[in-house]
Amino acid sequence: MFALIDCNNFYVSCERVFDPKLQGQPVVVLSNNDGCVIARSAEAKALGIPMGIPFFKVKDLISQHQIQVFSSNYALYGDMSQRVMQTLATLCPDLEVYSIDEAFLDFSGFQAQPLQQGQLIRQTVGQWTGIPVSIGIAATKVLAKVANKLAKQNGGVFVLSPSKVQAVLMTLPVEEVWGISSRWGQRLRALNISTAAELQATNLNLMRQQFNIVLERIVRELRGESCLPLESIVNPQQSLVVSRSFGQPITTLPELKQAVATYVSRAAEKLRSRQLTTSYLTVFVRTNRFQENYEAPNASQGLLTPTNHTGKLLEIALRCTESLYQPGRAYKKAGVLFQGLGSAQSIQQSLFEESDSEKGAALMVTMDRLNRRYGRQSLHYGATGTRQPWAMRSDQRSPQYTTRWQDLPEVHARAREI
DNA sequence: TCTGGGGTCCTAGGACCC
DNA sequence: TCTGGGGTCCTAGGACCC
């Protein structure tokens, strides 16, 4: 038996913890670059703000209803996520952190009173972190996802017992099943499968032939046959991406190189903080994907010796960038992808290339330490530039209440005269 | 004018090996 | 001129997720 814990409107809820005036108010949180709406309070949903809509398309609606708007603040959301997950771990040891705002729990131990257990978890997380959660409980992960939807409409906790499954699936559009997107939904509808119940009843071999083993597993899970185990052991990471859209398009090579250098620096920092190295690097650039002549070229290079040294990675990435750049293009986005990740502790040395010198490694340690202490980018490579006019927009970011001393909330108390 | 970012898994096809 | 069968590894591309 599985439970899926899902934080309600997570990013909005994080903002509300530190600004209680936002309770009951319509609130939205924007994506990076203030591009799209990616979180909405219940009040904002009720006013008709769709998920994922470009901000500029709802600007009028937002000012008309005085909806509060926040740029995304991942330092805050990441830290709040950790607090929620730590709380869950104290209540149920078998835990899979599935995303920033979701976790699966193995509920086999609580089979006798799953509803009461769910309510206890919900109450404790609320009390310890201030984040409201919904909990769906069922025999498989896919069914727990369904149960979670119902929990949001029914007091926060819902147990989907086998006797209720059929009736619930009959009312559920096939695209709302976990793992079925609108694309697959269209193909399924063409086969006369439009509800979750019809998908559950379909032929397994047909699904495997027409789609793949992923869909076959989803059908089995809908039938109550568990195919997706709890993955409590974190798999080693396989790839790492840092990419951003630009606040304004880039047309010159020096600026493009600055942007790529900035993303490489950030990605190398992430590698080091996770004790990883990379052995394969890809740089990609993109023009505006909403215009004609959209282009998205990339250039890759393997490394003889895996590394996480910013300087070495910069050298390769900047060469790749030069090979990609075409004068006359307006670039809207760039990024760097590291693959072939491995442990920084056990580096396979190359016969033909010198490995990171001790000096180089010490430099990285020092740089990371200074930047942790004095703030990101306090010490950085010159290649990343200083002005960065292309930097992403983030006009309405809240303070880093929990991860930055200067941003710690202050509480003022005054004795009231009686 | 403006339209996000970071991941995983699966499959097909090519290169290469014995 | 004729020219097998079976396997692994790697990569690119397509699909999905939050």
Side-chain angles (χ1 to χ4, degrees), chain A residues 4-11 28-39 50-60 62 69-74 77-78 81 96-104 141-142 145 148 174-188 207-218 227-228 231 234-249 263 266-267 270-271 274 276 279-280 282 284 286-291 294 296-298 300-302 330 332-341 392-395 397:
Chain A
L4 173 64
I5 323 291
D6 187 309
C7 302
N8 300 345
N9 322 322
F10 181 53
Y11 298 166
V28 299
V29 177
L30 303 179
S31 66
N32 268 328
N33 217 23
D34 293 345
C36 303
V37 173
I38 54 168
M51 178 66 174
I53 186 111
F55 180 44
F56 71 87
K57 290 191 181 173
V58 286
K59 252 184 181 156
D60 290 346
I62 281 173
V69 178
F70 290 87
S71 302
S72 31
N73 181 347
Y74 287 104
Y77 310 149
S81 171
E96 173 188 343
V97 177
Y98 177 69
S99 74
I100 194 165
D101 71 336
E102 282 172 274
F104 285 103
K141 282 181 162 181
V142 169
K145 275 272 185 185
N148 195 279
V174 72
E175 298 83 1
E176 290 186 25
V177 175
W178 187 39
I180 312 284
S181 68
S182 61
R183 233 185 240 117
W184 280 17
Q186 276 178 12
R187 284 176 58 189
L188 286 166
M207 288 301 103
R208 181 147 189 178
Q209 275 168 20
Q210 302 260 325
F211 295 84
N212 57 19
I213 195 169
V214 177
L215 189 52
E216 183 188 331
R217 284 201 282 251
I218 292 171
C227 302
L228 305 170
E231 292 177 20
V234 181
N235 290 320
Q237 189 176 2
Q238 300 184 29
S239 64
L240 191 159
V241 176
V242 171
S243 71
R244 295 280 181 282
S245 297
F246 305 132
Q248 44 180 278
Y263 304 158
R266 181 73 194 111
K270 286 189 181 183
L271 275 182
R274 297 169 197 182
L276 293 171
S279 62
Y280 195 83
T282 301
F284 56 89
R286 293 185 185 164
T287 59
N288 190 333
R289 68 190 163 102
F290 298 98
Q291 278 173 9
Y294 170 58
N298 63 75
S300 303
Q301 193 181 319
K332 194 71 187 74
K333 176 176 178 170
V336 58
L337 165 67
F338 292 163
Q339 290 170 283
L341 304 188
M392 74 172 183
R393 282 188 295 266
S394 186
D395 296 335
R397 179 141 68 206

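Quick note on labels: first sequence line is chain A, next is B, and so on, each numbered from 1.
For the C1' atoms, the distance linking C:dC18 with B:dC2 amounts to 24 Å, nearest Å. Of the C1' atoms belonging to B:dC16 and C:dG4, the separation is 16 Å, rounded to the nearest Å.
Heavy atoms of A:Ile53 sit nowhere under 4.0 angstrom from any nucleic acid atom. Contacts of A:Ile100 with the nucleic acid, taken as non-hydrogen atoms under 4.0 Å apart, are absent. Within 4.0 Å of A:Phe55, counting heavy atoms only, lies no atom of the nucleic acid at all.
A distance of 8.5 Å separates OG of A:Ser71 from CZ of A:Phe55, quoted to the nearest 0.5 Å. Residue A:Asn288 holds its CG atom at 11.5 Å from NZ of A:Lys333, rounded to the nearest 0.5 Å.
Side-chain nitrogen and oxygen atoms of A:Arg183 include none within less than 4.0 Å of the OP1 or OP2 phosphate oxygen of C:dG14. Residue A:Arg244 places at least one side-chain N or O under 4.0 Å from the OP1 or OP2 atom of B:dG6. Not one side-chain nitrogen or oxygen of A:Trp184 sits closer than 4.0 Å to the OP1 or OP2 atom of C:dG14. One finds no side-chain N or O of A:Ser72 lying less than 4.0 angstrom from the OP1 or OP2 phosphate oxygen of B:dG5. Within the 4.0 Å cut-off from OP1 or OP2 of B:dG4, not a single side-chain nitrogen or oxygen of A:Lys332 is found. Under 4.0 angstrom from either OP1 or OP2 of B:dG5 there lies at least one side-chain N or O belonging to A:Ser245.
In this structure, the CZ atom of A:Phe56 is 10 Å from the P atom of B:dG4, given to the nearest Å. In this entry the distance linking CZ of A:Phe70 with C1' of B:dG4 reads 19 Å, nearest Å. Atom CD in A:Gln301 sits roughly 14 Å away from atom P in C:dT11 (whole-Å rounding). Rounded to whole Å, atom P of B:dG5 lies 20 Å from atom CZ of A:Phe10. The interatomic distance linking A:Asp101 (CG) with C:dC17 (C1') rounds to 12 Å, in whole Å. The distance between atom NZ of A:Lys333 and atom P of B:dC2, rounded to the nearest whole Å, is 16 Å. Atom CZ of A:Arg274 and atom C1' of B:dG6 are 10 Å apart (whole Å). Atom CD1 of A:Ile38 and atom C1' of B:dT3 are 13 Å apart (whole Å).
Taking for each of A:Ile213 and A:Ser31 the nucleotide of DNA chain B with the nearest heavy atom, the 5'-most of the two is the partner of A:Ser31. Each of A:Arg217 and A:Lys57 has a nearest nucleotide on DNA chain B; the 5'-most of these lies closest to A:Lys57.
With B:dC9, B:dG5, B:dT3 as the choices, the nucleotide that has an atom nearest any side-chain atom of A:Gln238 turns out to be B:dC9. Residue A:Trp178 has its side chain nearest to C:dC18 when only B:dC10, C:dC18, B:dG5 are considered. Each of C:dC18, B:dG7, B:dC9 was ranked by its minimum atom distance to the side chain of A:Lys145; first place goes to C:dC18. Closest to the side chain of A:Ser99, from the set B:dC2, B:dG7, C:dC18, is C:dC18.
With respect to A:Glu96 and A:Lys141, a salt bridge is recorded, a charged nitrogen being found less than 4.0 Å from a carboxylate O.
Here the closest non-hydrogen pair linking A:Ser245 and A:Asn33 is CB-ND2, 3.5 Å.
The aromatic rings of A:Phe104 and A:Tyr98 sit perpendicular, their planes meeting at an angle over 60°, well past the 30° parallel limit.
The aromatic ring centroids of A:Tyr263 and A:Phe284 lie 6.0 Å or more from each other.
Across every strand in view, B:dC18 sits in a pair with C:dG5 that passes the Watson-Crick or G-U test at under 3.5 angstrom.
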